Amino acid sequence: MLNSIVTWALNMRVLVVAAALALLLVGINATKNAPLDVFPEFAPPLVEVQTEAPGLSTEEVDALVTVPLENSLNGLPFLKTLRSKSVLGLSSVVMIFDTGTDILKARQLVQERLNLAQGRLPAVVKPPVLMSPYSSLSRVLKVGLTSKTLSQMELSELSRWTIRPRLMSVRGVANVAIWGQRDKQFQVLVEPQRLRAAGVTLDAITKAAGDAAVISAGGFVDTPNQRLSVAQLALIVTPEDLARTVVEFRNGAPIRLGDVAEVKIGNPAPIGDGVINDGPGILLIVEKQPWGNTLDVTHGVEKMLEELKPALPGVEVDSTIFRPATFIQLSMDHLTEALWLGCLLVVVVLALFLGDWRTTIISLTAIPLSLAVALLFLAWRGETINTMILAGLIIALGEVVDDAIIDVENILRRLRQNAVLAEPKSKLRVVLEASLEVRSAVVYASVIIVLVFIPVFFLPGLAGTFFKPLALSYILAISASLVVALTVTPALSLMLLKVKTGQHRDALVARGLKAMYRAVLPVFARSPWLALLILIGTFAFTGFIWHTQLKEEFLPNFKERDFLMHWLEKPNTSVEASTRITIAASKDLRAIPGVRNLGAHIGRAEVADEVVGPDFTELWISLSPDVDYDETIHKAQAVVDGYPGLTRDLLTFLRERVKEVLTGASASIVVRIFGSDLDVLRDRAAAVGAALKDVPGVSALKVESLTLVPQITVKLRPESAALHGLTAGKVRQAVTTLISGRKVGEVYQDQRVHDVTVWSLPAVRADYTTLRDLLIETPAGGHVRLADVADLAIVPTPNAIKREGASRRIDVTCNVTGRALGEVAKEIEDRVGKVQFPAGYHPEILGEWAERQSAQSRLGWLALASFGGILMLLLADFQSPRLVVLIALTLPFALIGGVMAAWLGGGTLSLGSLVGFVTVLGIAARNGILLVSHYRHLQTDEGRAFGLDLVLEGSAERLVPILMTASTAALALLPLVLKGNVPGNEIERPMALVILGGLVTSTLLNLFLLPALYARFGKVKNIA
């Protein structure tokens, strides 16, 4: 088949070259406007259901809302994990589905179950809301709104009714959450004593306010010639209009709402707040859909904000508080620069080695063609171009040219030999035979490189999601290069290469290297046992370094300039108190040189992704690009540590999201304890926290604050209520209206909707004592104190209840600083193993370390399977177990340099480093195959006798191709290594470092040790 392909390409050479040129143009055009992102979508398909339960306590939300919803949603097809969280007035149920599940199909399944479950929820609960689908890096922009002339309520009006609808219309936007929102509300604030003095009931107030705000249809009137619609215009435009509403008539005189209650414009009790720089403001958090592109969505939102400026007089808009598009663009610029520099270095290497512009051009055509085909296929699949895909192309950059180099170098050598023959063959015949001569080895080598990368596709969880795009782009480029070498390279060689009689000299660099090689190689070739001794010694030293000097981590820290801080105050902290602390911290953080701005959100917002209380705050700062990165972070950490009474941390957004996706908690290591009783869970969590507090390297240790907080309970005494003619419903309705307020109607103004609420004056609901004295109306027209018909008490209740897999759970979390992640994780496992747990309670250790161990174990087993497949391929090619063993010995050559490079480069092995080891194995195998294959060709096809002379001649002839392929692969990666730990290079640099080190040792050992081993052990009986 290979013969037919190459023959066809040579006969149809003009068509092949034209097709290649067309394919190149199509590939460039298809990827010109490709969507860009920093990472592939690494979160599994997720569906969240939030249910507002105003006024219900945490335990009531858990029992009445969360558990019934869990029971209804559990058992969904493709459901992997079911998590829930109940807090005061809100239930959140999160369903995580198997990777690859269609998110729209999953949402449809969830909605079907919700339709059945909704009828079983209490009447006071609002309908469950299916949250918009989010991506793993859903937050694309944080926009701060402040004003010196507008109030918080006026800013909220603009945000809700002007800004948010316009931003939601931007393609790719999933949600715009508003923190610090103070909705405009028409409030009728009553005082029971005043109502009693006026002889007006609370029911009358509620009915009058509701009647005034009711919207009624007017219908229409038909005349002989036309139909006229009738509109009943709203009476309420201002609070004064509502205050003039008549409650009842007494002695012929009206009693109005304003006579017996305070009518004003106000806002409901806040569930959260926003802080912009040093004061209150509105924080808009824009979130994108899973299929939305971060850069496109960001630019669309910014363009919309610019268009809205005329509609926002007196409003300062800051859209740079958090802008991940900046990091993405910077990362792409760095990787693109590395790609072009790598290409330039490859051109230089080829020119030096080949010394001929024709052979250089023919070899270089493989680079753009292979990359264009890979990108075209990725675009066809709808893939987003991200840093991992670019990394795969950069790693492949030096290898896609290998097949062409090997082919064109052999063709040129055979053309030169043919030129001096007495009866030269036709040029087409020489090119065909020379191409086929190396085709088998090249095809097998390329297949082995692909086979080596197959394990990456089976990596589980987050690791697989990160590295599969890299493996895909790498394999596509390598496969494309093989097709180019089989078709385009022979065609161009036939068209461009010209050899004149007497022109047999290699390039100056090639001649010099061959001279040195011929002088040194015999020393090793004549000493096979010395070669074995060197090999064993290097292996032993490599093993020592691996086990004693290298540290382990999952993913490196990303060089973002947007940072977030989680601050957790004591449970039951009010919104006002959290805001005061946040403003104080803001002033301290903004005093640091280089901190440009700050935005913070406290508590939660309506229909947002945070299910927390007002004790939870996230502070976001943005660093200027012209300040020292590490020094500024150190100063920010010092400020954060200056608030010792708070549970706190300092993270980049990407780091936080990776941790959140892994466990649902923003920490590197999570000890999750499962059980049924909250008291036992808290006790065991405290015991685990005490066991871990003195582990070296543990930082930001936190025992989840599922603590007991004070709660006022109201329990009706039926007998006492009956004596006053009160029913349970009557008492509950009055308590709800006076304490939390009751919506009775709506006012429509300028396409805006405002609630009309009956509530009590703040002094009435100020504290426990005033609640006891709350006056409840009786049917007889009198009043009775709430304490006379109900028992009020302050009792402890959980501030939050979390569940996973239908079991309650609590987390003990920590980060790791100053010590290797693996070392700390292993010590934590030992400490947790010594903590006693009652029957029905058990801990699980999750997080980055658990994910790394899972990925490493899977990668190890799959690599062994891949290694077995490589051996089978080699056996099919060489038909000799002895030769297969010799080539197999070359594979670990690469591991030696990879370990040394990782050691010298910082001594840390990340998951990217492990993938680097897998990558370099394929490169090492290629060179070993080419060398042994050429030895066999000299012996079988050219009739050379087996011996030292054959080995020396074959090694010298393969020296230039092996050095060229190794040099191009190494120099293509050199810009990644030399650029250092810059944005976009965090995962790729450790991987490139390992590959670069592996290339050095595999090339040296292949060129010097393999010939010696082949000369001693490579003789095969069935080869003549």
Side-chain angles (χ1 to χ4, degrees), residues 32-38 132 134-135 137-181 274-289 291-333 384 560-562 590 595-601 605 607-608 620-626 653 750-752:
K32 187 184 301 180
N33 298 316
L36 303 177
D37 220 325
V38 61
S132 299
Y134 297 142
S135 63
L137 300 175
S138 58
R139 295 185 173 185
V140 295
L141 210 62
K142 293 184 187 289
V143 183
L145 304 179
T146 55
S147 177
K148 296 179 180 178
T149 58
L150 301 180
S151 66
Q152 191 86 343
M153 186 182 298
E154 290 170 322
L155 282 176
S156 300
E157 286 280 287
L158 284 173
S159 301
R160 182 179 179 184
W161 300 107
T162 301
I163 301 176
R164 187 178 188 273
R166 296 293 299 275
L167 296 187
M168 287 294 295
S169 68
V170 175
R171 185 181 181 87
V173 172
N175 187 34
V176 180
I178 306 174
W179 258 273
Q181 186 172 337
V275 172
I276 308 300
N277 293 329
D278 299 338
I282 297 293
L283 183 67
L284 305 178
I285 298 184
V286 183
E287 297 168 310
K288 73 179 182 71
Q289 298 165 343
W291 43 84
N293 174 252
T294 301
L295 292 180
D296 292 342
V297 173
T298 300
H299 294 152
V301 171
E302 290 174 337
K303 181 181 178 182
M304 186 63 71
L305 288 174
E306 189 66 27
E307 293 176 359
L308 281 171
K309 273 189 176 180
L312 306 174
V315 179
E316 295 180 15
V317 180
D318 184 358
S319 60
T320 64
I321 293 172
F322 170 67
R323 189 181 185 274
T326 303
F327 177 76
I328 294 172
Q329 196 61 61
L330 198 59
S331 300
M332 290 296 176
D333 290 344
T384 297
E560 295 178 272
R561 292 190 172 270
D562 295 314
R590 281 171 47 79
V595 175
R596 296 188 303 188
N597 46 17
L598 179 144
H601 53 86
V607 195
W620 294 77
I621 59 173
S622 178
L623 304 186
S624 175
D626 55 359
F653 175 61
D750 301 326
Q751 300 180 356
R752 299 178 181 183

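Sequential numbering from 1 along the given sequence is applied to the chain's residues. Every value quoted in this text rests on a predicted model; they were computed, and no experiment measured them.
Once rounded to the nearest 0.5 Å, the distance linking CE of M168 with CG of N175 reads 5.5 Å. Distance check: L284 CG to Q181 CD gives 9.5 Å after rounding to the nearest 0.5 Å. For the atom pair CD of E287 and CG of L137, the computed distance is 12.0 Å after rounding to the nearest 0.5 Å. Distance check: N277 CG to I621 CD1 gives 12.0 Å after rounding to the nearest 0.5 Å.
Partners of D333 under the side chain to side chain contact (heavy atoms under 4.5 Å, CB included) rule, at least two apart in sequence or in another chain, are Q329. Not a single salt bridge (charged side-chain N to carboxylate O under 4.0 Å, His left out) links E316 to another residue, sequence neighbours left out. Judged as a salt bridge (charged side-chain N to carboxylate O under 4.0 Å, His left out), and not counting sequence neighbours, R561 has no contacts. Scanning for side chain to side chain donor-acceptor pair (under 3.5 Å) contacts around T326 gives R323, with sequence neighbours left out.
Within the structure, salt bridge (charged side-chain N to carboxylate O under 4.0 Å, His left out) contacts touching residues 164-174 (residues at least two apart or in different chains) are R166-E307. Applying the ring pair (Phe, Tyr, Trp, His ring centres under 6.0 Å) test to every pair with at least one member in residues 144-180, sequence neighbours left out, gives these pairs: W179-H601.
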Step by step, work out the side chain to side chain contact (heavy atoms under 4.5 Å, CB included) result for I328 and L295. CA-CA 8 Å; I328 294 172; L295 292 180; 4.1 Å; yes
Going through the checks in order, is the side chain to side chain contact (heavy atoms under 4.5 Å, CB included) test met by K288 and T294? CA-CA 7 Å; K288 73 179 182 71; T294 301; 3.1 Å; yes
The test is side chain to side chain contact (heavy atoms under 4.5 Å, CB included); show your working for R590 and D278 and say whether it passes. CA-CA 8 Å; R590 281 171 47 79; D278 299 338; 3.2 Å; yes
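In this structure, the side chains of L167 and L305 come closer than 4.5 Å at one or more pairs of heavy atoms. L623 has its side chain within reach of V595: a pair of non-hydrogen atoms, C-beta onward, lies under 4.5 Å apart. I285 places none of its side-chain heavy atoms less than 4.5 Å from the side chain of V176. Two residues are said to be in side-chain contact when any heavy atoms from C-beta on lie closer than 4.5 Å; I282 and Q152 meet this criterion. With contacts defined as side-chain heavy-atom distances shorter than 4.5 Å, the pair L312/I163 qualifies. Counting heavy atoms from C-beta on, the side chains of V315 and T146 never come closer than 4.5 Å. In this structure, the side chains of L283 and I321 come closer than 4.5 Å at one or more pairs of heavy atoms. Considering only heavy atoms from C-beta on, F653 stays 4.5 Å or farther from D562 through its side chain.
Summarising the geometry of G314 relative to S147, their closest heavy-atom pair is O-OG, 2.7 Å, with the distance given to 0.1 Å. Annotation for S159 and L145: closest pair OG-CD1, 3.2 Å, computed over non-hydrogen atoms. When all heavy atoms are compared, the tightest approach of V301 to V170 is N-CG1, 4.0 Å.
For S132 (side chain) and A174 (main-chain N/O), a donor-acceptor pair under 3.5 Å exists by modelled atom type.
D318 and N597 share a donor-acceptor pair across their side chains, judged by distance under 3.5 Å alone. Side-chain contact annotation: S622 with R596, donor-acceptor N/O pair under 3.5 Å present.
Under a 4.0 Å N-O distance rule, the pair E306/K303 does not qualify as a salt bridge.
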